[in-house]
Amino acid sequence: FVLALEQGLGKTLASIARSFFLKKKKTLVVCPAVAKYNWVDELYEWGCAISDITVVDKEKTRVSSTELFIVINYDVLDKWLPILKSKEIDHIILDECHKVKNVKSIRNKVINEISRAKKPTITFLSGTPASNNVEDIFAYLELSEHPLGSDKSLFLKKFTQQVRLKNGDVKTIGANLEHLNICISNLFFRRRKDVLSLPGKKYHKLYFDIGEYKQEYDKALDEMIERMMEKGKKNLELSISQLGVITSKSKAKGVISLAETISDELQDVIVSDSFIENGVKTVIKNKKISVKNKVIIFSPYIAGLDILEKHFKNRCVRIDGTVPSKKRMELAKRFKTSRTVNFLIAQTDAAGIAINLVNKEDDRHLPPIFNVIHMGFPFTNSQLEQANDRVDRIGQWVQCNIYYTFAKKTIDEKIFNLIERKYDDVSVVIDGEKEKINFEDINLSEIDMIATSIYEDAIKERELSENNTETWLN
C-alpha cells in the first residue's frame, strides 16, 4: 500500500494510525537517518511509552524487550538483517520509499528478504513515490507482490518506450500510462495539498551580479570545458557542483541583505510572563509585543553557509550534514521558539526533510515562519520541494514566500530551467491525469544535458569573441 500524500499532509501520523488500526504486534519503521527521531517524537505523541520503541543506529541502540515499533535508518539496515529476521515483524513502514526503488540495491534486497520471511503488511510513504521514471514504480509492485511486479522485463515492455533526443541520445519514457494508473489504483492512495485550505506559496526570483567571483567562475568553467574536450562527459556532477559553490558565494552579500530586510519586518505575538523585582512578583498576561520575522536559508553547499554564519553569528542556528540527527531537531526547535534567533541556515540535504518548521496559529506566543530563501539549487526536485515544504504544511496559516536567487549568466539559470521542465509521465501514473509538475528528479543523462548546454554556450561565446577580435583587427 503506497501512501502517496504530498509533503506536509501527515504521512507519518497516518501510517502510525494504520499500524494501530490493523492491530499490528510489531512494526518496523525504516527511514532516512535525519527522520529517525522525528518518528520517535510522533510515536510519543501517539501515547507510546519508552518501552514500546526500539531505536537502532550505528553507535548505540536503545532496545526494548516489549517493543511495538523498531525505528531504523536505511544506512544500517543490512547490518541488522539477522536480528530483524528473528523478530515477529508483521508491518513494515518505508518512509521516503523512493530509497528502495532500485531493485538491485542492498536496501531493496534486505526489505525483500524480511518480507519473504515474515509476509508483513508493507506501507510505502512518499510525497514523490516516483520521479520522472515509470520504472521506479516497479519496486513497489514487486515488494507488494502485485501481479504487475512479477516480471520486470514484461512490465518495462508494456509501460515504457524509447525515443531519440535531438542530441542523438536515447531516452526511456512511459507508455500506456492511463492503463497503468487503473491497474495500480488499488495500491496507491494519493492526496495533494489542495485537499487542505493552506495559504499556499508565492515564488520570487532575484538576480545578482557575480561580481568579484567572475574570474574564479570563468576559470572553473574553462577547466570544465577543457576536461570535456579531452575526456568527454566524466565526473560532470563534481564540475557542476564546483560552479555551484562559486555562484553561492557570489550571492552571499545579496542573500544576507535580503534576509535582514525580511527579518526587520515585525510580527505581533501574545506573551504571558512573570518576574520578581524588589520582592514583588509581577504577572503579565496576554500582552502584545512585536518580534522580528524568522527566515530560513537553504544552500546545497557548505561554503555558502560559512559566509552566512560568519555574518549572523549567534542570531542563527546552523544545520548541515555534520550535525547528528537528534541535534538537528533540537536546533530546529530553538529556531522556532527563541526570540533572539531569527535565522536558520541549512544545507538542503540535511534540513530539507523530516523537520517541521511551522509555528501554528494557536501558538500565539510564537511568530509564524513563512520565508524561505534558496542560495543555490540541488540536482533533484524532491530536495527542492521538500525543503519548501518545511513551512508549507499542515498548521501553516500564512502564505509562504519562496525566494529563488540566481547569479546572472551562470549555471544557476541552467539548473533551474532544467528542473522546472514539465513532466507528464509520473503525473498520469500517480494522479491519473496530466498536470504541470515542476522540479522533478534529474538523472545523470540530464546532468549531461546541463554540461552540454554550458559547453555549447561557451564555445559559441569563444567563437563570437574571436570573430569580434578579427573584425576589429581588420
How many angstroms lie between atom CE of M375 and atom CG of L258, to the nearest 0.5 angstrom? 11.0 Å
Would you call the rings of F312 and F343 parallel, tilted or perpendicular, where under 30° means parallel and over 60° means perpendicular? parallel
If you define the side chain from C-beta out and look only at heavy atoms, does anything of W39 sit under 4.5 Å from I16? yes
As a quick check of understanding, evaluate side chain to side chain donor-acceptor pair (under 3.5 Å) for D268 and S290, giving each step before the final call. CA-CA 4 Å; D268 290 336; S290 295; 2.8 Å; yes
Side chain of N293, backbone of Q267: donor and acceptor closer than 3.5 Å? no
Quick one: does Y404's side chain get under 4.5 Å of L384's, heavy atoms only? yes
With a 4.5 Å heavy-atom cut-off, do K409 and K214 have their side chains touching? no
Within the 4.5 Å heavy-atom criterion, are N314 and T340 side-chain neighbours or not? no
Starting from the C-alpha separation in whole Å, work towards a yes-or-no answer on side chain to side chain contact (heavy atoms under 4.5 Å, CB included) for T247 and I411. CA-CA 8 Å; T247 61; I411 193 172; 4.2 Å; yes
On the 0 to 90° scale, with breaks at 30° and 60°, tag the Y207-F406 ring pair as parallel, tilted or perpendicular. parallel
Consider only side-chain N and O atoms of Q386 and D389, and report whether a donor and an acceptor are under 3.5 Å apart. no
Could you tell me whether the side chain of L43 reaches within less than 4.5 Å of the side chain of D52, counting heavy atoms only? no
Should we say atom CZ of R107 is surrounded by more than 12 heavy atoms from elsewhere, each under 6.0 Å from it? yes
Would you say that more than 12 heavy atoms from the other residues, nucleotides or ligands in this model lie under 6.0 Å from the CD1 of I106, or not? no
Run the salt-bridge test on K36 and D95 with the 4.0 Å N-O cut-off and return the result as yes or no. no
Residues two or more places apart in sequence or in another chain: which of them pass side-chain hydrogen bond (donor to acceptor under 3.5 Å, both in side chains) with K24? T121
What's the spacing between I246 CD1 and K249 NZ if we round to 0.5 Å? 6.5 Å
Checking T27 against S19: is there a side-chain donor and acceptor pair closer than 3.5 Å? yes
Determine, stepwise, if the pair I319 / F335 fulfils side chain to side chain contact (heavy atoms under 4.5 Å, CB included). CA-CA 11 Å; I319 299 176; F335 166 68; over 6 Å; no
Donor-acceptor pair, distance only, cut-off 3.5 Å: does the side chain of Q396 make one with the backbone of I369? yes
Within the 4.5 Å heavy-atom criterion, are K292 and D264 side-chain neighbours or not? yes
From N342 atom CG to I262 atom CD1, the distance as rounded to the nearest 0.5 Å: 12.0 Å
Under the side chain to side chain contact (heavy atoms under 4.5 Å, CB included) criterion, do D363 and K360 qualify, and how do the steps go? CA-CA 5 Å; D363 300 325; K360 298 179 181 178; 3.8 Å; yes
Please answer whether the main-chain N or O of V323 pairs with a side-chain N or O of R328 as donor and acceptor at a distance below 3.5 Å. yes
Stepwise side chain to side chain contact (heavy atoms under 4.5 Å, CB included) check, Q242 with M224: CA-CA 10 Å; Q242 289 173 340; M224 173 181 160; over 6 Å; no
Would you call K201 and E385 a salt bridge, taking side-chain N to carboxylate O under 4.0 Å as the test? yes
For P32 and N73, work out which heavy atoms get closest and say how close. C-CB, 4.1 Å
Heavy-atom closest contact (A350 atom, G321 atom, distance): CB-N, 3.8 Å
How long is the straight-line distance from CD1 of I92 back to CD1 of I122, given to the nearest 0.5 Å? 5.0 Å
Within the distance-only criterion (no hydrogens, no angle test), does the side chain of W397 pair as donor or acceptor with the backbone N or O of N359 below 3.5 angstrom? yes
To check you understand the geometry: which heavy-atom pair defines the closest contact between P300 and P378, and what is its length? CG-N, 3.8 Å
The reported gap from CG in L344 to CG in L331 (rounded to nearest 0.5 angstrom) is 8.5 Å
Mind listing the closest non-hydrogen atom pair of A259 and V295 along with its distance? O-CG2, 3.9 Å
Looking at every heavy atom in both Y301 and I240, which two are closest together, and how far apart are they? OH-O, 4.5 Å
Heavy-atom closest pair (A332 atom, L357 atom, distance to 0.1 Å) is CB-CD2, 3.9 Å
Does the side chain of L305 reach to within under 4.5 Å of the side chain of R318, using non-hydrogen atoms? yes
Using a strict threshold of under 4.0 Å (side-chain N to carboxylate O), is an ion pair present between D412 and K251? yes
With salt bridge (charged side-chain N to carboxylate O under 4.0 Å, His left out) as the test, would you mind laying out the steps for K253 and D209 before giving the verdict? CA-CA 11 Å; K253 289 182 180 179; D209 290 321; over 6 Å; no
Side-chain donor or acceptor of T337 paired with backbone N/O of K333 under 3.5 Å: yes
Which residue in the set I402, I355, I345, V391 passes side-chain contact (heavy atoms from CB on, under 4.5 Å) when paired with I296? V391
Mind checking the OG-CZ spacing from S299 to F377? Nearest 0.5 Å is all I need. 11.0 Å
Above 12 or not: heavy atoms from other molecules or residues under 6.0 Å from NZ of K152? yes
Validation row: E260, I256 side chains within 4.5 angstrom (heavy atoms): yes
